[in-house]
Amino acid sequence: MNKDMKKRLEKYMSLNYRIELIKDPYEGGYVISYPDLRGCLSCGETIDEAVENGEDAKKEWLTAAIEDGISIPEPLEDCEFSGQFRLRMPKSLHKHLADRARAEGISMNQYCIYLLSQNISLQ
C-alpha cells in the first residue's frame with residue numbers, strides 16, 4: 001500500500017463509525033458490525049474481544065475498499081436526520097389513512113409511524 005493509500009486508511013480509521021453489538025444466542029459470544037460499512041462484521045467471545053476484532057475487520061474492510069477503488073461511505077450522524085420528511089400521496093390514500101387513524105383513536109402521524117415500523121426491513 002502506497003503512502004497516499006495509507007493516509008486514506010488512517011483518515012477512515014479515525015472516523016466515528018457507528019457499531020452494533022449483539023449477543024449471539026446460537027454460537028455464544030458477541031457479533032459486532034458497522035452498519036455504514038456494508039458487510040463489515042466480526043465476533044468475539046467477550047465484548048472487549050468483539051470490539052477488538054471489529055477494529056481489525058474495519059481496517060481490513062477499508063483497506064480492501066481503498067485498494068479496489070470502492071467508494072467508502074462516511075459515517076452518518078444522527079444530527080443529519082430531523083425525524084421529518086414530506087410525502088405526497090393520492091387523496092384516496094390520504095383519506096384511507098386518516099380514516100384508519102381516527103378509528104384507532106390516534107393521529108395520522110402516529111398511525112403512519114406504526115405502519116412503517118411494522119413493515120420496515122433494514123438490510
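Just so it is clear, the values below take in all heavy atoms, side chains as well, and ignore hydrogens, waters and symmetry mates.
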Colleague: Hey, what do you get for OG1 (Thr63) to CG (Asp68), rounding to the nearest 0.5 Å?
Modeller: 10.5 Å
Colleague: On a heavy-atom basis, which atom in Ala65 and which in Ile72 lie closest, and how many Å separate them?
Modeller: CB-CG1, 3.7 Å
Colleague: Going from CD1 on Ile22 to OH on Tyr30, what distance comes out if it is rounded to the nearest 0.5 angstrom?
Modeller: 11.5 Å
Colleague: Between Gln110 and Tyr114, is there a side-chain heavy-atom distance shorter than 4.5 Å?
Modeller: no
Colleague: Met108 and Leu115: same hydrophobic cluster, using ILVMFWY side-chain contacts below 4.5 Å?
Modeller: yes
Colleague: Do Leu93 and Ile106 belong to the same hydrophobic cluster, where Ile, Leu, Val, Met, Phe, Trp and Tyr are linked whenever their side-chain heavy atoms lie under 4.5 Å apart, directly or via other members?
Modeller: yes
Colleague: Count I, L, V, M, F, W, Y as connected when their side-chain heavy atoms are under 4.5 Å apart, and connections chain through other members. Are Leu62 and Ile70 then in the same cluster?
Modeller: no
Colleague: With a 4.5 Å heavy-atom cut-off, do Leu9 and Met5 have their side chains touching?
Modeller: no
Colleague: Are Tyr12 and Ile32 joined in one hydrophobic group, where the rule is that I, L, V, M, F, W and Y side chains link up if heavy atoms are under 4.5 Å apart?
Modeller: yes
Colleague: Using the side-chain hydrogen bond (donor to acceptor under 3.5 Å, both in side chains) rule, collect all pairs that involve residues 94-103, keeping only residues at least two apart or in two chains.
Modeller: Lys95-Asp99, Asp99-Arg102
Colleague: If you count heavy atoms of other groups shown closer than 6.0 angstrom to CG of Asp56, is the number above 12?
Modeller: yes
Colleague: Is there a side-chain contact between Glu55 and Tyr34, using heavy atoms and a 4.5 Å cut-off?
Modeller: yes
Colleague: Where do Pro73 and Trp61 come nearest, in terms of heavy atoms and distance?
Modeller: CD-CH2, 4.4 Å
Colleague: Measure the OG1-CG distance between Thr46 and Asp48 for me, rounded to the nearest 0.5 Å.
Modeller: 5.0 Å
Colleague: Take a 6.0 Å sphere around CD of Glu52 and say whether it holds more than 12 heavy atoms from other residues, nucleotides or ligands.
Modeller: no
Colleague: Of all heavy-atom pairs between Asn53 and Gly44, which one has the smallest distance, and what is that distance?
Modeller: ND2-CA, 4.0 Å
Colleague: So do the side chains of Lys58 and Ile19 get within less than 4.5 Å of each other, counting heavy atoms only?
Modeller: no
Colleague: Hydrophobic clusters here meaning ILVMFWY residues chained together by side-chain heavy-atom distances under 4.5 Å, can you tell me if Val31 and Ile47 are in one?
Modeller: no
Colleague: What I want to find out is whether Arg8 reaches Glu67 closely enough, with some N-O distance under 4.0 Å, to be called a salt bridge.
Modeller: no
